[in-house]
**Student:** 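This is the structure, below, for whatever I ask next.
Values below: every heavy atom of this structure, side chains too, minus hydrogens, waters and symmetry copies. Numbered from 1 within each chain, the chains take letters A, B, ... in sequence-line order.
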2 protein chains.
Amino acid sequence: MFRAKVLIKRRASILDPQGKAVEIGAQHLGLTNIKNTRIGKYIEFDVDTNDKTEAEKEVNDYCEKLLANPVMEDYEITLEEVKWANLNSE
Amino acid sequence: MFRAKVLIKRRASILDPQGKAVEIGAQHLGLTNIKNTRIGKYIEFDVDTNDKTEAEKEVNDYCEKLLANPVMEDYEITLEEVKWANLNSE
């Protein structure tokens with residue numbers, strides 16, 4: 001089994017209105033040194049196979065087709081093998 | 001100046017309906033090995049001060065008061081010093 005961690009960020013050239021809005025809140029709270037806030041996503045999941053090639057393919061498809069918007073966002077994948085796990089525990 | 005990176009995750013005991021919904025999409029696309037998807041946030045920002053103690057305090061306040069929900073979420077902060085930077089470049 002593999003454990004995947006995916007970071008998704010907007011491209012630097014694309015504005016981030018959500019980050020801007022939160023940052024205005026920070027200014028109001030007196031946190032005046034906070035600049036350039038950008039909000040992305042962090043996604044964790046398991047890939048229930050022992051074939052690394054298959055796992056990589058599923059992770060890439062998942063990112064391209066569902067998790068990220070390839071037009072506006074870049075993503076970084078970390079895939080690590082897990083030797084044993086109980087998939088039903090949360 | 002410091003550069004902060006913050007990962008925000010829901011506590012393991014708290015359900016993640018957004019992750020569940022995306023995962024159902026994955027099953028429909030034939031990505032049947034994907035399990036336990038959990039969606040969190042990844043936030044990057046600059047802290048425009050050279051005083052590390054002050055930077056840490058601002059980052060903690062920002063996380064506690066605006067970025068994370070301390071009741072449902074845990075967060076991890078990485079703070080690294082940046083020796084020079086142009087704050088106006090995006």
**Student:** Counting C-beta onward and ignoring hydrogens, is there a side-chain heavy-atom pair between B:Glu44 and A:Thr37 closer than 4.5 Å?
**Tutor:**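 Answer no - side chains too far apart.
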**Student:** Less than 4.5 Å to any heavy atom of chain B: does that hold for the side chain of A:Glu54, its backbone, both, or neither?
**Tutor:**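 Answer is side chain: those atoms of A:Glu54 sit under 4.5 Å from chain B.
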**Student:** Report the distance from atom CG of B:Asn36 to atom CZ of A:Arg3, rounding to the nearest 0.5 Å.
**Tutor:**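 Output value for this atom pair is 6.5 Å.
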**Student:** Would you indicate whether the side-chain heavy atoms of B:Val22 and A:Leu67 approach each other to under 4.5 Å?
**Tutor:**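 Yes, at least one pair of side-chain atoms sits under 4.5 Å.
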**Student:** Given side chains that start at C-beta, do those of B:Glu58 and A:Ile34 come closer than 4.5 Å, heavy atoms only?
**Tutor:**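 B:Glu58 reaches A:Ile34 side chain to side chain.
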**Student:** Quick one: of B:Leu29, B:Thr49, B:Asp61, B:Leu66, who has the most non-hydrogen atom pairs under 4.5 Å with chain A?
**Tutor:**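 Looking at each option in turn, the highest pair count goes to B:Leu66.
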**Student:** Where on A:Leu31 is there a heavy atom nearer than 4.5 Å to chain B: the side chain, the backbone, both, or neither?
**Tutor:**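 When you check distances to chain B, atoms from both the backbone and side chain of A:Leu31 fall under 4.5 Å.
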**Student:** Hydrophobic clustering (ILVMFWY, side-chain heavy atoms < 4.5 Å, transitive) - are B:Ile43 and A:Tyr75 grouped together?
**Tutor:**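 No; B:Ile43 is not reachable from A:Tyr75 via cluster members.
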**Student:** Rounded to the nearest 0.5 Å, what separation is found between the NZ atom of B:Lys65 and the NE2 atom of A:His28?
**Tutor:**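 One gets 14.5 Å once the value is rounded to the nearest 0.5 Å.
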**Student:** Give, as side chain, backbone, both or neither, the part of A:Ile39 having an atom under 4.5 angstrom from any heavy atom of chain B.
**Tutor:**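 Both parts, heavy atoms under 4.5 Å.
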**Student:** When hydrophobic residues are tied together by side-chain contacts of less than 4.5 Å, even through go-betweens, does B:Leu79 share a cluster with B:Val82?
**Tutor:**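 Different clusters: B:Leu79 never reaches B:Val82 through Ile, Leu, Val, Met, Phe, Trp or Tyr contacts under 4.5 Å.
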**Student:** Counting heavy-atom pairs under 4.5 Å with chain B, which one of A:Leu7, A:Thr32, A:Ile8, A:Val59 comes out on top?
**Tutor:**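 Counting heavy-atom pairs under 4.5 Å, the top option is A:Leu7.
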**Student:** At a 4.5 Å cut-off on heavy atoms, which part of A:Lys57 comes close to chain B: side chain, backbone, both, or neither?
**Tutor:**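 For A:Lys57, no heavy atom lies under 4.5 Å from chain B.
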**Student:** Within the structure provided, determine whether B:Lys35 and A:Phe45 are in side-chain contact (heavy-atom separation under 4.5 Å).
**Tutor:**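 No; the side chains remain at least 4.5 Å from each other.
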**Student:** Is the shortest heavy-atom distance from the side chain of B:Tyr42 to the side chain of A:Glu76 under 4.5 Å?
**Tutor:**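 SC-SC contact between B:Tyr42 and A:Glu76 ruled out.
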**Student:** Roughly how far, to the nearest 0.5 Å, is the NZ atom of B:Lys5 from the CZ atom of A:Arg38?
**Tutor:**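 One finds 13.5 Å between CZ of A:Arg38 and NZ of B:Lys5.
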